[in-house]
Amino acid sequence: MLKGKIAIVTGGSRGIGAAVVQELASQGADVAVIYAGNQELAEKVCQDCRDRYGVRAGSYCCNVADFEAAKETVAKIKEDFGRVDILINNAGITRDKLILMMKEEDFDAVLNTNLKGAFNMIRHCSSLFIRNKGGRIVNVSSVVGLHGNAGQSNYAASKAGIIGLTKSVAKELAAKNVLCNAVAPGFIETDMTKELSGAEESWMSMIPLGRAGAAREVAKAVVFLADADYITGEVLRVDGGMGM
Ligand SMILES: NC(=O)c1ccc[n+]([C@@H]2O[C@H](COP(=O)([O-])OP(=O)(O)OC[C@H]3O[C@@H](n4cnc5c(N)ncnc54)[C@H](OP(=O)(O)O)[C@@H]3O)[C@@H](O)[C@H]2O)c1
């Protein structure tokens, strides 16, 4: 049970992040939901958590790619909730293009949000965790970060980077009881994969379980790692066997 724990979830307004927020709240955690622009959706997720689970929940607009904005948001969450125990780095975007067509801004945007965003949040939460004598970080990577994918070199680089970041932070902060893990989802039904409609059949042929995953199935793995005491530096695939 996570009763009384305070969790930050980036990208918590939709998809996997919203499912993580719900799962954390269902186990009694208070939740701070960071979003990029969808205020109405983020507030709806929070309202739902307050109504269904009686936890505290608040939404915060923040571009996680912005170092100073991330710092101010973490400070505001600490002020509002009193402490921070769990950080879930889930915010992510895609700008898919074949390498010969990929613009510099496509590469930068994806790396800045997916990888630098996670760094920014870890950087600003770590001192709070150390002061609290403990903390849990779960980063959302992807099977694409483990295996690569044509048309997603920027995204794959960001998600492979997340794995290196996870393992390094895990080694650095283990002695402070700050544990850092990652999940690597496969093909999960969210707004992000809606854009891939058409390519869906070729994805399904690669999944031994023969179906796309649900956001809630990833959320369960994320929350398992957020509550684990003897697992750190691990990358847990949640992909229906795709990455075997
Ligand atoms: N879906 C999949 O099949 C799949 C597979 C492997 C890994 N993943 C990873 O799982 C994570 C969630 O994916 P999803 O499919 O749930 O995505 P999604 O439905 O597109 O939702 C993305 C979330 O990230 C937020 N966000 C985007 N840019 C941000 C920024 N700069 N600052 C703060 N928040 C930002 C969005 O906020 P707004 O709502 O305000 O825009 C939204 O809450 C991503 O890291 C993704 O790479 C997804």
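Model, not experiment: these values are computed from the prediction. Just so you know, residue 1 is the first one in the sequence shown, and it goes up from there. All ligand and atom numbering here is 1-based and tracks the order in the structure.
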Give the atom numbers and elements of ligand 1 that come within less than 4.0 Å of a heavy atom of F187. 3 (O)
Report yes or no: does D106 contribute a side-chain atom to a donor-acceptor pair with the main-chain N or O of M102 at less than 3.5 Å? no
So, regarding T190 and ligand 1 (criterion: nitrogen or oxygen to nitrogen or oxygen, under 3.5 Å), is there a contact or not? yes
For Y60, the option from T10, D80, T73 that meets side chain to side chain donor-acceptor pair (under 3.5 Å): D80
Can you list the ligand 1 atoms lying under 4.0 Å from a non-hydrogen atom of N90? 10 (O), 11 (C), 12 (C), 44 (C), 45 (O)
Student check: side-chain heavy atoms of R237 and L146 closer than 4.5 Å: yes
Just jot down the ligand 1 atoms closer than 4.0 angstrom to any heavy atom of C62, in number order. 32 (N), 33 (C)
Are V21 and C49 close enough that some pair of their side-chain heavy atoms sits under 4.5 Å apart? yes
Are side-chain heavy atoms of R50 and V55 found at a separation under 4.5 Å? no
Below 4.5 Å, heavy atoms only, C-beta onward: do H124 and F67 meet side chain to side chain? yes
Among non-hydrogen protein atoms, atom 22 (C) of ligand 1 lies closest to G92 O, 3.8 Å
Is the closest basic N to carboxylate O distance between R83 and D85 below 4.0 Å? yes
What are the atoms of ligand 1, with element, lying closer than 4.0 Å to any heavy atom of T193? 1 (N), 2 (C), 3 (O)
Is any N or O atom of N114, backbone or side chain, closer than 3.5 Å to an N or O atom of ligand 1? no
So CZ of R136 and CG of L179: to nearest 0.5 Å the spacing works out to 4.5 Å
Do the side chains of I207 and D239 get nearer than 4.5 Å, heavy atoms only? no
Test of proximity, A65 against ligand 1: N or O pairs below 3.5 Å: no
Would you call E172 and K167 a salt bridge, taking side-chain N to carboxylate O under 4.0 Å as the test? no
Taking both backbone and side-chain atoms of I16, is any N or O found less than 3.5 Å from an N or O belonging to ligand 1? yes
Would you tell me which option among Y155, W203, Y60, Y35 has the nearest heavy-atom contact to atom 46 (C) of ligand 1? Y155
Going by the order shown, which atoms of ligand 1 are within less than 4.0 Å of some heavy atom of I93? 27 (C), 28 (N)
contact_flag T113 ligand 1 heavy-atom lt 4.0 Å: yes
Look at atom 34 (N) of ligand 1 and find which of A70, A91, G15 reaches it with the closest heavy atom. A91
Closer than 4.0 angstrom: is that true for some heavy atom of K159 and an atom of ligand 1? yes
Would you mind listing which atoms of ligand 1 come within a distance below 4.0 Å of any non-hydrogen atom of I188? 1 (N), 2 (C), 3 (O)
Looking at G37, which atoms of ligand 1 are within less than 4.0 Å of one of its heavy atoms? 38 (P), 40 (O)
Donor-acceptor side-chain pairing of N139 and T166 below 3.5 angstrom: yes
I want to confirm something. Looking only at heavy atoms, which of A69, S13, G186 is nearest to atom 5 (C) of ligand 1? G186
Does T10 have a heavy atom less than 4.0 Å from any atom of ligand 1? no
Which atoms of ligand 1 sit under 4.0 Å from any heavy atom of V140? 9 (C), 10 (O), 11 (C)
